Amino acid sequence: MKFEATPQEQLQILTTGVVDLVTREELLTRLEKSYQAGKPLVVKLGADPSAPDIHLGHTVVLQKMRQFQALGHEVVFLIGDFTGRIGDPTGKKKTRPALTEEEVKANAETYKAQIGKILDLGRTRLVFNSAWLSAMTFADVLKLTSQYTVARMLERDDFANRFKNQIPISVVEFLYPLMQGYDSVALKADVELGGVDQTFNLLVGRDLQKSYGQAPQVIMTLPILEGLDGKDKMSKSLGNYVGINEPPDQIYGKVMSIPDDLMGKWYDLLTDLTPAQLAEVKRRAGTEPKAVKMQLARRITAQYHGEAAGAQAEAGFEKLFGKTGDGLPEDLEEARLAAPAEGLSLVRIIVLAGLAPSGGEAKRLIQQGGVKVDQEKQTDQNRLFRHGDTFILQAGKRGFRKVILD
RNA sequence: GGAGAGAUGCCCGAGUGGCUAAAGGGGGCAGACUGUAAAUCUGUUGGCGCGAGCCUACGGUGGUUCAAAUCCACCUCUCUCCA
């Protein structure tokens, strides 16, 4: 194949926004060779098979993948199903259950549907590491483990800290980086991408490739995106994430709720503004933070749902929270509930409508003044509603339902 | 293999026989204030029940007791020191 961009141009594009690059020279050399031979580079990205919800944090790396792809390289999306199938003992009590083959497949499909919003699926290779890992014999594993020392393993921050603080480290955990590194060997990866927290694992891949007689992969790490709380990295388990599959209103609203200090970074990592535009945005952030944040929310929403949806989400937001709005969301989710003859209490309705996980929680919401029916604050948790009643129920800041009692 | 320490609610952590659904902190949620921001203040934070109350819960199992997170036995797991 032929490449449009010269190696130098490619290098320029690919290295922007990258935290660590090991090494720049190697990358350039590979790009040159690939350019001359008309042979695309193999670019690897690994994914956890058990958490198929792609969120904005993942997109930082995926966007880099797309750049490689757009330049004509071969991107490989690797699903680490092997570890998923074995189960993960590190979680102590809640030992992650081993995923079945069906679950892995289902998750892979979910991934596909989502990464398709960013990558060109037709030119993305989807692979499972069980393909080679499950075929390894114990002797193969020993050979693999003999390539690394405990001291080197303990270089990883995570391990070093736990070791120092006397927190258990399972021996299998030492195998994970080796497995991940071996994936690079199996794929003959030219480049591996990951978040900065993956640096150690990516470096292991380099070492192993050398051990197995391959040229070591170039590694590129990208910044970690903080989640909605502005403190921790965005992750599903912390609940501070924005999934790219979420409805427009959700995405818009969630983005609006991030701390101001985070706006700059989100602009950097999640939008494709030019450096000049970014500078302008950051300058304005100090004086008109709300407008700048709304623009951010709109842009991000539009990326996954289109411009129209972005604009609509913004209008909905204004209606809901703006000074001129009526405090109601644009699209109310309906909850049709079957009402018995004696009626249904407010508490039950809140639970049945899915606005609270338990009756106790619903009562709390009412007691704390967080529940409204048709915009009126409710104080009687036992208030009865009957067959035929229709009203707008609000529980908490964000929970709205149009309730219809049949 | 030997000796010792430990396992408590989402997390950290107090609690050594009843007053303990379990102090305190963090986090979460709600309210006030705002820009669904931050900061601050207040409240709340196992489940069921309108309620009296009932159920579940302090690593696991069994036991002592009118009564156990607390005492005993065994088990599981973790850490430390020695070998």
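Treat the numbers as computed from the prediction; the structure is a model and nothing was measured. Hydrogens, waters and symmetry mates are skipped; everything else that's a heavy atom, side chains included, is used. Residue numbers start from 1 in every chain, and the chains themselves are labelled A, B, ... in the order their sequence lines are given, proteins ahead of strands.
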To the nearest angstrom, the CE-P distance between A/Met263 and B/rG35 comes to 14 Å
Here the distance between atom P of B/rG51 and atom CG of A/Asp380, to the nearest Å, is 11 Å
Pairing partner of B/rC81, by Watson-Crick or G-U wobble and under 3.5 Å for both distances, is B/rG2
In whole angstroms, the gap separating C1' of B/rA37 from CZ of A/Phe317 amounts to 10 Å
Quiz item: Contact class for A/Lys254 vs. all strands (heavy atom < 4.0 Å): base, sugar-phosphate, or nothing?
Solution: nothing
Using Watson-Crick geometry (N1-N3 plus N6-O4 or O6-N4) or G-U wobble (N1-O2, O6-N3), each under 3.5 Å, B/rC41 is paired with B/rG31
Inset, instruction - Under 4.0 Å between any heavy atoms, over every strand shown, what does A/Pro259 touch: base, sugar-phosphate, or nothing? Just pick one. - result: sugar-phosphate
Under a 3.5 Å limit on both distances, the Watson-Crick or wobble mate of B/rA52 is none
Closest to the side chain of A/Arg398, out of B/rG27, B/rU36, B/rC79, is B/rU36
A/Arg162 atom CZ is separated from B/rU80 atom C1', nearest whole Å, by 18 Å
| said: Taking any heavy-atom pair under 4.0 Å as a contact, classify A/Gly253: base, sugar-phosphate, or nothing. | reply: base
On a whole-Å scale, what distance lies between the C1' atoms belonging to B/rA69 and B/rU56?
15 Å
Between NZ of A/Lys164 and C1' of B/rC79 the distance, given in whole Å, is 17 Å
Note to self: In whole Å, measure the gap between the C1' atoms of B/rC12 and B/rG17 for me.
What the structure shows: 27 Å
Review point. Between B/rG51 and B/rC19, how far is it from one P atom to the other, in whole Å?
Key: 23 Å
From CG of A/Asp232 across to P of B/rC10 the rounded distance in Å is 19 Å
When rounded to whole Å, the CG to C1' distance for the pair A/Leu296 and B/rU36 reads 15 Å
TODO: Provide the distance between the two C1' atoms, one in B/rU8 and one in B/rC77, to the nearest whole Å.
DONE: 16 Å
Q. At under 4.0 Å between heavy atoms, what does A/Glu361 touch on the DNA or RNA strands: base, sugar-phosphate, or nothing?
A. sugar-phosphate
Of B/rG49, B/rA37, B/rC29, the nucleotide closest to the side chain of A/Leu365 is B/rC29
Here the distance between atom C1' of B/rC50 and atom CD1 of A/Ile349, to the nearest Å, is 15 Å
Distance col, row A/Thr59:OG1 vs A/Arg66:CZ, nearest 0.5 angstrom, shows 9.0 Å
Does A/Glu288 come within less than 4.0 Å of A/Arg284, counting only side-chain N to carboxylate O?
yes
Pairing partner of B/rG59, by Watson-Crick or G-U wobble and under 3.5 Å for both distances, is B/rC75
Rounded distance in Å between the C1' positions of B/rU45 and B/rC11
14 Å
Nearest-Å distance once atom P is located in both B/rA7 and B/rU70 = 12 Å
For B/rG9 versus B/rG27, give the span between their C1' atoms, rounded off to a whole number of Å.
13 Å
Of B/rA30, B/rU36, B/rA37, the nucleotide closest to the side chain of A/Gln368 is B/rA30
Determine whether the aromatic ring centres of residues A/Phe82 and A/Phe128 are separated by less than 6.0 angstrom. no
When A/Lys231 and A/Val347 are each assigned the nearest nucleotide of RNA chain B, the 5'-most assignment goes to A/Lys231
Closest of B/rG49, B/rA38, B/rG35 to the A/Lys363 side chain is B/rG49
Heavy-atom nearest nucleotide on RNA chain B taken for A/Gly360 and for A/Tyr252; more 5' hit belongs to A/Tyr252
- Message: Using OP1 and OP2 only, check whether a side-chain N or O of A/Ser345 sits under 4.0 Å from B/rC50.
- Response: no
* Between the side-chain atoms of A/Asp260 and the base atoms of B/rG35, is any donor-acceptor pair under 3.5 Å? -> yes
Apply the test side chain to side chain donor-acceptor pair (under 3.5 Å) to residues A/Thr29 and A/Glu32: give CA-CA distance (whole Å), side-chain angles for both, the deciding distance (0.1 Å), then the verdict. CA-CA 5 Å; A/Thr29 307; A/Glu32 281 167 345; 5.0 Å; no
What does A/Ile258 touch in the nucleic acid at a heavy-atom separation under 4.0 angstrom: a base, only the sugar-phosphate, or nothing?
sugar-phosphate
_Exercise: do A/Asn107 and A/Thr110 side chains pair donor with acceptor under 3.5 Å_ = no
Should A/Glu74 and A/Arg125 count as an ion pair when the cut-off is N to O under 4.0 Å? yes
Checking N1-N3 plus N6-O4 or O6-N4 for Watson-Crick, or N1-O2 and O6-N3 for wobble, each under 3.5 Å, the partner of B/rG24 is B/rC12
In this structure, CD of A/Glu192 is separated from CD of A/Gln198 (nearest 0.5 Å) by 7.5 Å
Problem set entry | Atom C1', compared across B/rG59 and B/rC79: separation rounded to whole Å | 15 Å
What I want to check is whether an N or O donor and acceptor connect the side chain of A/Arg364 with the base of B/rU44 at under 3.5 Å.
no
Practice prompt. Look at A/Glu226 together with A/Lys233 and state whether they make a salt bridge at an N to O cut-off of under 4.0 Å.
Written response: no
Exercise for the section: Establish, with yes or no, whether the OP1 or OP2 oxygen of B/rA37 is under 4.0 angstrom from a side-chain nitrogen or oxygen of A/Ser257. Expected result: no
